[in-house]
There are 4 protein chains.
Amino acid sequence: MLLYLQPDSDVPLYQQIRDQIVAGLATGQLSPGDPLPPIRQLAADFGVHFHTVNKAYDLLRQEGLIRLHRRTGAVVVCEPAPPEFRGQWRERARVLLAEAFVKGIPPEEILAECTALLNSFQPANAHSDLSGGAST
Amino acid sequence: MLLYLQPDSDVPLYQQIRDQIVAGLATGQLSPGDPLPPIRQLAADFGVHFHTVNKAYDLLRQEGLIRLHRRTGAVVVCEPAPPEFRGQWRERARVLLAEAFVKGIPPEEILAECTALLNSFQPANAHSDLSGGAST
Amino acid sequence: MLLYLQPDSDVPLYQQIRDQIVAGLATGQLSPGDPLPPIRQLAADFGVHFHTVNKAYDLLRQEGLIRLHRRTGAVVVCEPAPPEFRGQWRERARVLLAEAFVKGIPPEEILAECTALLNSFQPANAHSDLSGGAST
Amino acid sequence: MLLYLQPDSDVPLYQQIRDQIVAGLATGQLSPGDPLPPIRQLAADFGVHFHTVNKAYDLLRQEGLIRLHRRTGAVVVCEPAPPEFRGQWRERARVLLAEAFVKGIPPEEILAECTALLNSFQPANAHSDLSGGAST
DNA sequence: GTGGTCTAGACCACA
DNA sequence: GTGGTCTAGACCACT
């Protein structure tokens, strides 16, 4: 589990940290019950202040993805999504998909990209293969 | 083409304006060659500072979606995506899809959401002339 | 609306600020739509760092009691309680009432205290008089 | 008398222990003169450090609810409330009641909740001998 | 002029 | 040794 931070990005550092941890959760690099590195250690590893990492962890806690513990540190938990999640997610997806669409990427390709990304998630459990592509 | 702005949202107003124009482009409410309302008029219509609208237009210009002329105002252009667009878009899509995935939404449902959204774009599947549609 | 902070209390400063704003909301000193003082001004008035006030405001935002705005600052909103609120509140009430009970305060007196406190809330609207006490 | 500890809660373990003992006192599961389990045994039973239990017991001792002897262990005592107790309790009750009030719960319902909780204390209304109940 | 982000570092609470 | 609190102050984003 490695983080690649871009200090000059317009995306806040704490958001980058949060995003990459979410991606790590999806790809199975992190699983429920796994501990996250201590705030201060992760901060030292990437040369940011521990407050920045703290804010990222706090975001993840509010989203129900990790739990912060005095002794254990942060552990992955993955609570179920609240009822309003679906609608808010759809609105963000609408904009993201629209961006690709208006830049001329054919819908089939956009869907293929999404399928490929989804297939890269949780490789160990192999939920299902969403692509109609051939294998073997 | 109507904008629904939420002044109390955590999403900046200029971003909301930009997002809705992008969505309008995708759904075909706006097409290449169409003029956008003058900055000051749009600002007056929605009670925001014209600097805010200006920033939204500037974003769209940087993305190659509109062109600003001092006389004609803003017109939709839809330049082809630069080579780096695809990769950057994929990274943002990865995070968005990961969020849904880790919250327990099955990949099939996520894909179904994406498909539904894409089908709502450019009614009647007439998404063949995304470029070159405006001019003599 | 005045805040009385006790720097030496075991209750964190940001919690004290949050608590007193909640109390101010209940007594009608603050009403939905009212603006809260700017973070930095409130911090300066009470000699604390603006981060401390920021954390208090952020708590209130998470509870749905205020909304933070870039331009307007913080305004009171009072969203409805989430479904899990009632049960969590009851557990905290159980402990608080038990404390008074085990210290020998008769239940009637405890209820009288609660009634008096509730009657001190929202004085302008005069919800109802919960005490059976006589008034001339 | 059983304790239900939530190690992942944001409430410190020692506070949870203290709270549940207070609740046990209120419901009559523990009465003045009753012995509390030895610190080390309670710690072992619930898999927490004995320092944690020690801190909970110390809190209760400071509150005048138990007395610690080096031989007898901890016994329930229920000293009368110090003069400052009433005022401090009222301030905490004000905040708790205000929270329910500002979240829209009607005062009648809040009072009903308090009444129900108080009625669950010390079964059969035998709350007359809160002190002096322990002897030869 | 508002809130937001980030850094730097001290001290404390919890287990 | 973990996270939490608080201070101090710089710089940026939004309107």
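Quick note on labels: first sequence line is chain A, next is B, and so on, each numbered from 1.
Going from atom NE2 of A:His69 over to atom P of F:dG1 covers 19 Å, rounded to whole Å. Between C:His49 atom NE2 and E:dC6 atom C1' there is a gap of 11 Å when expressed in whole angstrom units. Here F:dT5 presents its P atom at 10 Å from CG of A:Asp58, a figure rounded to the nearest Å. Rounded to a whole Å, the CD1 atom of C:Ile17 is 13 Å from the P atom of F:dT5. Whole-Å rounding puts the C:Asp8 CG to F:dT5 P distance at 17 Å. The CG-P distance, from B:Asp10 to F:dT15, rounds to 11 Å in whole Å. Regarding A:Phe46, its CZ atom lies at a distance of 17 Å from the C1' atom of E:dC6, rounded to whole Å. Rounded to an integer number of Å, the gap from CG of A:Leu5 to P of E:dC6 is 10 Å.
In the interface, the side chain of A:Arg40 is paired with the base of F:dG3 through a donor and an acceptor atom under 3.5 Å apart. Scanning atom types as modelled, no donor and acceptor separated by under 3.5 angstrom connect the side chain of C:His51 and the base of E:dG4.
The heavy-atom pair separating A:Tyr14 from A:Thr52 by the smallest distance is CB-O, 3.4 Å. The two residues C:Val76 and C:Ser31 come nearest to each other via the heavy atoms CB-O, 3.4 Å.
The residue among A:Phe50 and D:Pro12 whose nearest nucleotide of DNA chain E is located toward the 5' end is A:Phe50. Residues D:Val11 and A:Gln15 both approach DNA chain E. Their nearest nucleotides, taken by heavy-atom distance, put A:Gln15 toward the 5′ side. Residue whose closest nucleotide on DNA chain F sits further toward the 5' end, between C:Gly47 and A:Thr72: A:Thr72.
In this model, the phosphate group of E:dT7 is approached by a side-chain N or O of A:Thr52 to a distance below 4.0 Å at OP1 or OP2. Proximity of D:Lys55 to the phosphate of E:dC14: a side-chain N or O atom is located under 4.0 Å from OP1 or OP2.
The backbone N or O of D:Pro7 lies less than 3.5 Å from a partner atom in the side chain of A:His69, making a donor-acceptor pair.
A:Asn54 comes within contact range of the sugar-phosphate backbone alone, with a heavy-atom separation under 4.0 Å but no base atom that close. Here D:Tyr14 lies in heavy-atom contact (under 4.0 Å) with sugar-phosphate atoms only. Note on A:Val48: only backbone sugar-phosphate atoms sit closer than 4.0 angstrom, heavy atoms only; bases stay farther off.
Pairing analysis of DNA chain E (Watson-Crick: purine N1 to pyrimidine N3 plus N6-O4 or O6-N4; G-U wobble: N1-O2 and O6-N3; both under 3.5 Å) yields stems of 3 or more pairs at E:1-14 with F:1-14.
When distances run from any side-chain atom of A:Arg70 to the nucleotides E:dC6, E:dC14, F:dA8, the shortest one goes to E:dC14. Minimum atom distance to the side chain of A:Leu13 is reached by E:dT7, of the listed E:dT7, F:dG9, F:dG3. For A:Ile39, taking side-chain heavy atoms from C-beta onward, the closest of the listed nucleotides F:dG9, F:dC14, F:dG3 is F:dG3. Nearest nucleotide to the side chain of A:Leu68, out of E:dC14, F:dG3, E:dG9: F:dG3.
Around atom CZ of C:Arg86, more than 12 heavy atoms belonging to other residues, nucleotides or ligands sit under 6.0 Å away. For CZ of A:Arg70, the number of neighbouring non-hydrogen atoms (other residues, nucleotides, ligands) closer than 6.0 Å is greater than 12.
Considering only heavy atoms from C-beta on, B:Val22 comes within 4.5 Å of B:Leu60 through its side chain. Put simply, the side chain of C:Gln88 does not reach to within 4.5 Å of the side chain of C:Glu91, judged on heavy atoms.
Ion pairing between a basic and an acidic side chain is recognised when a charged N comes within 4.0 Å of a carboxylate O; A:Arg61 and A:Asp58 show such pairing.
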